[in-house]
K.L.:
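Please find one structure pasted underneath; my questions will follow.
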Number of protein chains: 2
Amino acid sequence: MVNPTINDVARIANTSKSTVSRFLNGYTVKKETEEALKLAIQSLNYHPNVNARRLVKNHTQSIGIVVDDIANNFYSGIYRGIENVANLNGYQCTYYSRTSNYQGEFGFMDLAQERQVDGLILISFLKRSNELIKRIEELMTPVVLIGDTNSNDTIFSVDVDNELGISEVVRYLHRLGHEKIGYITGPDEFSATHWRRKGYEGALEDLGIKQNPSWIIASDWSESGGHKAMKELLDMNEITAVIASNDEMAIGALLCANELGYRVPSDISVVGFDDIPVAKWVYPPLTSVKQPFVEMGEKAAIGLIEKLNGEEIGTQSNRVLIKPNLVVRQSCRGL
Amino acid sequence: MVNPTINDVARIANTSKSTVSRFLNGYTVKKETEEALKLAIQSLNYHPNVNARRLVKNHTQSIGIVVDDIANNFYSGIYRGIENVANLNGYQCTYYSRTSNYQGEFGFMDLAQERQVDGLILISFLKRSNELIKRIEELMTPVVLIGDTNSNDTIFSVDVDNELGISEVVRYLHRLGHEKIGYITGPDEFSATHWRRKGYEGALEDLGIKQNPSWIIASDWSESGGHKAMKELLDMNEITAVIASNDEMAIGALLCANELGYRVPSDISVVGFDDIPVAKWVYPPLTSVKQPFVEMGEKAAIGLIEKLNGEEIGTQSNRVLIKPNLVVRQSCRGL
DNA sequence: GTGAAAGCGCTAACAG
DNA sequence: CTGTTAGCGCTTTCAC
């Protein structure tokens, strides 16, 4: 009825619980007690109580991954990256969804303080408050961030190099002969919005292209938002290309252009960001910027594990920005 | 340096640890000790050690959700459903990805036996082995299944009614005048493949439409697989409509038809299954069958929690099949 | 190699 | 309402 304990197996195997414990932890025991032990464990269907073990060891061998919304599939590649290196290092990954917690990422600080996990990876592409950052700094438990961080990089964090990504798009379009490039930007509360826009404006400036503020339309990441923004842009009748700061908006833009009788790319070029799977299925297949999710997850996990091992994080800085890749398909043409 | 314990707060608040424990657990204490306690907790930044608590209480107030691959975003709606009801009932959700464990769902039985969680929801759309089912039956810990189960329904499980879903598609197409309907089926190792196909064949039979086995092409859920299958179907030059058993294949079919100079829906009608977000963005917008993911998650969580509370699962059977919804868009036309 | 004993941080009688 | 006490199941000295 009640679960078997280490005492039960000790009794059955005719030995002491310390011996059972040692055996369970990989220390050598006399050949014959080993046999008896195996038999006892097997027959009792014994499984160690992980809570007892964690209590005495004071660590869990598990890392917690906290996401804004587990049902948002967007950054799933990150998970894979994290699992890869965590498992390689003997850590179990457990995922927590922030949706269920009204306190946002704050609520999950407790996970660490309550000793549910040894360390935390916080994934969010929303801007993070100074208050949150301060709380994390005060924490004894190692935490690494994916996405936004504070400006002075006191906490180890990784992100995609959004600025570079968009700036490469601008350069690409410029090489194709475009100079009149519209930009559909995302919501303010995301840090990526800021950096991507910076990439757009910075590249135009570097290239010596004159900018037109009315060619920047703010939107909301959604397909319908992109659609609406594109209409505004097209109505101006000035632009030869548009960069949407994510793929969904780019797809909306594509759809809008179609409906309005424009052909992509012959009448107007469109590029997106993220390279979601759909990007290659739409018509025309969308040129986009591929986010290096797996690598981001790996880097974050490596950073966390180094902290858990008490190692100084190598030569690298506290902020690692990973270069995304431009994926050229058929939604742009040379002028 | 070391984490504060209940003893530390007792000492500082000048009381005993039992009182601290009671306070922490919501029992009333004298007003003034309450004040002292709050102060002590605050100043020490005390957080209870959840492992100690779990050890003595012998339960965790958390349920484990095990998925094939956390990076597979497909069933994310299910998570939302589960979180909804779990949180309402005071349970924390923790997610585990099977990918990291070579033993498949088996490995996660341990989660329960090790007392890491109070109950488990296993999500997988692959067929499950009898061996797995037997292991689950023997387990003391409550487990509920989403997806496949065994035929005699000894374990509580929920799934979408795949058979009904496809059969409604067939009826819809039939109402439109189609009788020559091709079918692109999925891989055998998924239980949905079986039920959806059954829905296709059953509906044809019910409708008295003669079947043609060569109109059924096996594929692999992928867009490129759907593309290839569609080519075979189109080459026969006999069919007026095709049902793909998921949206990705349907999109491949759409793309293929386009390339081959067929127009959808005027030359050929296409319908998918799942209603993934993309379905409405492709051209023409794809008619599909919407999976009731949130509801599936909710039903599963309700079932689990009833078991955790030791309640008999009400009047309902051990197998709950949720009706999906046909979403009509523009990829089919009447003959 | 192995057993006895102490203790991880907490809860839950029990007696006051 | 509160303190004392005895564990929860495990690991880890310390002797032997």
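Order of the sequence lines sets the chain letters (A, B, ...), proteins ahead of strands, with each chain counted from 1.
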K.L.:
Using C1' atoms of five pairs at each end, report the bend of the helix from C:dG1-D:dC16 to C:dG16-D:dC1 rounded to 10 degrees.
P.N.:
30°

K.L.:
Output all residues satisfying ring pair (Phe, Tyr, Trp, His ring centres under 6.0 Å) with B:Phe23, sequence neighbours left out; order by chain, then residue number.
P.N.:
none

K.L.:
I'd like to know whether CD of B:Gln42 has more than 12 heavy-atom contacts from other residues, nucleotides or ligands below 6.0 angstrom.
P.N.:
no

K.L.:
Are any side-chain N or O atoms of A:Asp110 and backbone N or O atoms of A:Gln113, one a donor and one an acceptor, separated by less than 3.5 Å?
P.N.:
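Side chain of A:Asp110 to backbone of A:Gln113, a donor-acceptor pair under 3.5 Å: no, none is there.
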
K.L.:
Going through the distances and angles, do A:Phe156 and A:Val143 end up as a side-chain contact (heavy atoms from CB on, under 4.5 Å)?
P.N.:
CA-CA 8 Å; A:Phe156 182 76; A:Val143 174; over 6 Å; no

K.L.:
Examine D:dT2: is either OP1 or OP2 under 4.0 Å from a nitrogen or oxygen in the side chain of B:Thr33? Give yes or no.
P.N.:
yes

K.L.:
First and last nucleotide of DNA chain C in contact with chain A, 5' to 3', at under 4.0 Å to a heavy atom: what are they?
P.N.:
C:dG1 to C:dG9

K.L.:
For B:Thr154, enumerate each residue passing the side chain to side chain donor-acceptor pair (under 3.5 Å) test, keeping only those at least two apart in sequence or located in another chain.
P.N.:
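B:Thr154 satisfies side chain to side chain donor-acceptor pair (under 3.5 Å) with B:Glu137, B:Asn150 once adjacent residues are dropped.
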
K.L.:
Go through A:Asn25 and A:Ser21 one step at a time and tell me if the side-chain contact (heavy atoms from CB on, under 4.5 Å) criterion holds.
P.N.:
CA-CA 6 Å; A:Asn25 286 284; A:Ser21 173; 3.5 Å; yes

K.L.:
Within residues 37-52 of chain B, which residues have any heavy atom lying less than 4.0 Å from an atom of DNA chain C?
P.N.:
B:Tyr46, B:Pro48, B:Asn49, B:Ala52

K.L.:
Whole angstroms only, please: what is the CZ-P distance between A:Arg11 and D:dC10?
P.N.:
13 Å

K.L.:
By ring pair (Phe, Tyr, Trp, His ring centres under 6.0 Å), which residues pair with B:Tyr46, not counting sequence neighbours?
P.N.:
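If we apply the ring pair (Phe, Tyr, Trp, His ring centres under 6.0 Å) test to B:Tyr46, skipping adjacent residues, there are no hits.
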
K.L.:
Passes side-chain contact (heavy atoms from CB on, under 4.5 Å), B:Ile146 versus B:Met296? Steps please.
P.N.:
CA-CA 8 Å; B:Ile146 292 184; B:Met296 286 165 67; 3.9 Å; yes

K.L.:
Partners of A:Tyr79 by ring pair (Phe, Tyr, Trp, His ring centres under 6.0 Å), sequence neighbours excluded?
P.N.:
A:Tyr95

K.L.:
Give a yes or no answer on whether the side chain of B:Asn162 reaches the backbone of B:Ala192 with a donor-acceptor pair at less than 3.5 Å.
P.N.:
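No, because the side chain of B:Asn162 does not come within donor-acceptor range (under 3.5 Å) of the backbone of B:Ala192.
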
K.L.:
Taking side-chain contact (heavy atoms from CB on, under 4.5 Å) as the criterion, tell me which of A:Ile136, A:Leu122, A:Ile155, A:Thr149 meets it with A:Arg128.
P.N.:
A:Leu122

K.L.:
Exactly one of A:Val85, A:Ile82, A:Ile121 should register a side-chain contact (heavy atoms from CB on, under 4.5 Å) with A:Leu304. Which one does?
P.N.:
A:Ile121

K.L.:
Please figure out whether B:Val56 or A:Val56 has its closest DNA chain C nucleotide nearer the 5' end.
P.N.:
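Residue closer to the 5' terminus by nearest nucleotide: A:Val56.
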
K.L.:
N/O contacts under 3.5 Å, protein versus nucleotides 3-6 of chain D?
P.N.:
residue	atom	partner	partner atom	Å
D:dG3	OP2	B:Thr15	OG1	2.5
D:dG3	OP2	B:Ser16	N	3.1
D:dG3	OP2	B:Ser16	OG	3.1
D:dG3	OP2	B:Thr19	OG1	2.7
D:dG3	N7	B:Arg22	NH2	3.2
D:dG3	O6	B:Arg22	NH2	2.2
D:dT4	O4	B:Ser18	OG	2.8

K.L.:
My understanding is that only residues two or more places apart in sequence, or in another chain, count here; which of them pass ring pair (Phe, Tyr, Trp, His ring centres under 6.0 Å) with B:Phe293?
P.N.:
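Partners of B:Phe293 under the ring pair (Phe, Tyr, Trp, His ring centres under 6.0 Å) test: B:Phe74.
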
K.L.:
When we call it a touch if two heavy atoms are under 4.0 Å apart, what does A:Ser21 touch: a base, just sugar-phosphate, or nothing?
P.N.:
base

K.L.:
Which residues satisfy the side-chain contact (heavy atoms from CB on, under 4.5 Å) test with A:Val50, sequence neighbours excluded?
P.N.:
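Once residues adjacent in sequence are excluded, the partners of A:Val50 under the side-chain contact (heavy atoms from CB on, under 4.5 Å) criterion are A:Arg54, B:Glu114, B:Gln116.
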
K.L.:
Just to be sure I understand the geometry, which residues of residues 24-32 of chain B put a non-hydrogen atom under 4.0 Å away from DNA chain D?
P.N.:
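Result for residues 24-32 of chain B: B:Thr28, B:Val29, B:Lys30, sorted by number.
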
K.L.:
Just grab all the salt bridge (Lys or Arg N to Asp or Glu O under 4.0 Å) pairs involving residues 26-53 of chain A, residues at least two apart or on different chains.
P.N.:
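Only A:Glu34-A:Lys38 qualify under salt bridge (Lys or Arg N to Asp or Glu O under 4.0 Å).
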
